[in-house]
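If you read the sequence from its start, that first residue is 1, and numbering goes on from there. Small disclaimer: the values here were computed from a predicted structure and weren't measured.
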Amino acid sequence: MSTSPLRSKDEVITNGKYVLVQRGDQDKIIEFNAQEKLRFGRGSSVQEIELLNAEGCQFYSTFRVQTRTSEPKVIGNMKRICYLELVPDTMDPIFSTERSVSGKDNRNIVDDNKSQSLGQTDIAVLREKGISGPEILDTLITSSKTFNQKTEFSQEKYLKKKERSYGDTLVFIKPTLSLVVDYYFKKDPVKIMNLRVDSLSQILTYGNVYSGGRYMVYETACSGLVIGAVLQRLGGNGICLHIHTGSTPQRQALHYMNMTNEELKPLQSLDIYYIIRPGLSAEVQSLTSDEGSSVSILNVPPALKKPRLEEDSEMFNELTTEDMSEPKSLGNLGSINRIENEKSAILLNTTEFYGLIICAKEHPLSILQNLLPRLCSSSPFVIFCQYVEPLAECFTWLKEGNLGINLNIFENWYRNIQIQPDRTHPEINMSSNGGYILTGFYIKF
């Protein structure tokens, strides 16, 4: 499918871009390739969907999944090859949750697994006959003995649940920062330290992140979500120094957000090993002397108080020959080699930064002690942690050393509210913890 000249390339689905595919409340982020197939669903409802017809369409387009009638079907094997059919914007909704008959409450409904007379085999036969998703949903409603007794809210939940398995509409959405954060949080919140979108927004606000600023960001456990948020605020202007552990930083979220080279331009990377070691290599020293610039060598920081970073420093001593090679053309998102790290170390040692953000599973105190002196006076710093105890230690250290003012530790409280006629209450399933945040302003004497 050809791309219309009136459409921006950023708003069109093309090969190599990441797309958020949504079916009901199910999400999946994929790297789009028109020649590949998308596997969607679980168990007996698994579908393999050809993506060719989605190429060149705009983001937020809706597609209906169709099954090829020319291919052989086996009722016992629900693994089917399907294709996409673009749904016009003027088409009516696939199904409506507005029902004329509904109950006042669910007190008389007994969950004995006998209310639905239609079994999995019957549904499989309907799908093999080419019956569409909305028709299958209507059949399920008709065959349910208790559907009309449910409240409107229960009916809506029932339809959403069935749509996960039997729905045939997909929406191809352009991944944004908030969508990617929600995607990670729903998938496994522990892997991103329970970082919700409201916590991320407060990190950016208290960190005073703006275009043209210079910021240090220590992030090792959020797949690049904090880095992506800072880069988005910078808009291609300024410096974002990503300090991390290991030669390959975790930045999958940057790929998901389809960031351009212009947006990635402020990004610099620095392995923390080059902060805790005693000096720079001869190669970089000769490089800086040839340029006629005076660069002060990084001093050895105070002894680290937490064993986690000591273990990391031992790990960094085992450098491979690949790490010692010349710089590679891997772009800003690939492995970071020795020369690039040492150039970033020079940047760290010769630049006063406007803000510091720490978001890592390691204990933040040692990291704070090493990075805080690189800030300008009266610059803000933000530390995000899953637990309040490490932040309390940082708070005490800052207070005893008179290094910060306006110090605060707080917990984010976030709750989705279900709004229904004549009744409003929180949703039953909700996140209990969005992490803790320590904020303040650095004072330099």
Side-chain angles (χ1 to χ4, degrees), residues 18-23 25-31 38-40 42 164 173 175-204 207 217-232 240 242-259 264 267 269 271-272 306-309 311-312 315 332-336 357-367 382-391 411-416 427 429-438:
Y18 283 85
V19 182
L20 176 64
V21 183
Q22 188 176 77
R23 184 173 74 178
D25 60 353
Q26 285 184 307
D27 298 330
K28 177 179 287 190
I29 295 181
I30 63 169
E31 183 178 4
L38 169 64
R39 186 180 176 87
F40 220 111
R42 296 177 181 175
R164 296 181 193 175
I173 301 175
T176 61
L177 177 62
S178 60
L179 290 176
V180 174
V181 174
D182 288 337
Y183 172 78
Y184 272 105
F185 193 84
K186 288 193 297 185
K187 191 176 180 181
D188 191 352
V190 177
K191 286 188 176 180
I192 57 170
M193 299 173 57
N194 292 308
L195 180 68
R196 292 193 307 248
V197 66
D198 61 306
S199 301
L200 183 57
S201 63
Q202 294 198 49
I203 290 173
L204 295 177
V217 181
Y218 185 95
E219 183 205 340
T220 58
C222 295
S223 299
L225 292 174
V226 180
I227 294 295
V230 173
L231 289 175
Q232 194 176 75
C240 175
H242 181 197
I243 303 172
H244 54 86
T245 58
S247 59
T248 305
Q250 301 176 12
R251 295 176 184 163
Q252 186 60 37
L254 302 189
H255 293 281
Y256 287 169
M257 294 169 63
N258 295 316
M259 284 197 160
L264 294 172
L267 181 60
S269 299
D271 190 340
I272 196 172
K306 297 299 169 183
R308 179 64 182 268
L309 286 180
E311 295 172 2
D312 292 340
M315 176 184 66
N332 285 332
L333 299 182
S335 297
I336 311 303
I357 297 174
I358 299 175
C359 183
K361 289 184 177 179
E362 298 89 352
H363 197 289
L365 180 57
S366 299
I367 303 168
V382 182
I383 307 175
F384 176 84
C385 189
Q386 287 179 281
Y387 314 104
V388 69
E389 290 80 9
L391 298 185
E411 176 188 7
N412 278 329
W413 194 82
Y414 180 85
R415 172 174 284 183
N416 291 324
E427 290 186 357
N429 297 323
M430 54 174 286
S431 70
S432 58
N433 180 22
Y436 299 86
I437 298 178
L438 167 63

Worksheet item: Per the side chain to side chain contact (heavy atoms under 4.5 Å, CB included) rule, which among N412, V388, L391 passes with I437?
Response: N412
Practice prompt. Using side chain to side chain contact (heavy atoms under 4.5 Å, CB included) as the criterion, point out the one residue from I367, L438, V382 that pairs with I358.
Written response: I367
Counting C-beta onward and ignoring hydrogens, is there a side-chain heavy-atom pair between [X] and [Y] closer than 4.5 Å?
| X | Y | result |
| --- | --- | --- |
| Y18 | H255 | yes |
| L177 | L200 | yes |
| H244 | I272 | no |
| L204 | Q232 | no |
| I203 | L195 | yes |
| V180 | M257 | yes |

Could you state the interatomic distance from [atom1] ([X]) to [atom2] ([Y]), rounded to the nearest 0.5 Å?
| X | Y | atom1 | atom2 | result |
| --- | --- | --- | --- | --- |
| I192 | K361 | CD1 | NZ | 10.5 Å |
| I30 | L20 | CD1 | CG | 9.5 Å |
| N194 | Y436 | CG | OH | 10.0 Å |
| I227 | L267 | CD1 | CG | 6.5 Å |
| L365 | C385 | CG | SG | 11.5 Å |
| L179 | I29 | CG | CD1 | 8.0 Å |

Determine the minimum heavy-atom distance between [X] and [Y], stating which atoms define it.
| X | Y | answer |
| --- | --- | --- |
| L254 | G224 | CD2-O, 3.8 Å |
| T220 | Q250 | O-OE1, 3.3 Å |
| A360 | M193 | O-CE, 3.3 Å |

Discussion item. Could you check whether atom NZ of K186 has more than 12 heavy atoms from other residues, nucleotides or ligands sitting under 6.0 Å from it?
Written reply: yes
Discussion item. Between K28 and R39 (side chain of the first, backbone of the second, donor and acceptor by atom type, cut-off under 3.5 Å), is there such a pair?
Written reply: yes
Practice prompt. Consider only side-chain N and O atoms of H242 and R251, and report whether a donor and an acceptor are under 3.5 Å apart.
Written response: yes
Practice prompt. Please state whether the rings of Y256 and Y183 are parallel, tilted or perpendicular, taking 30° and 60° as the class boundaries.
Written response: perpendicular
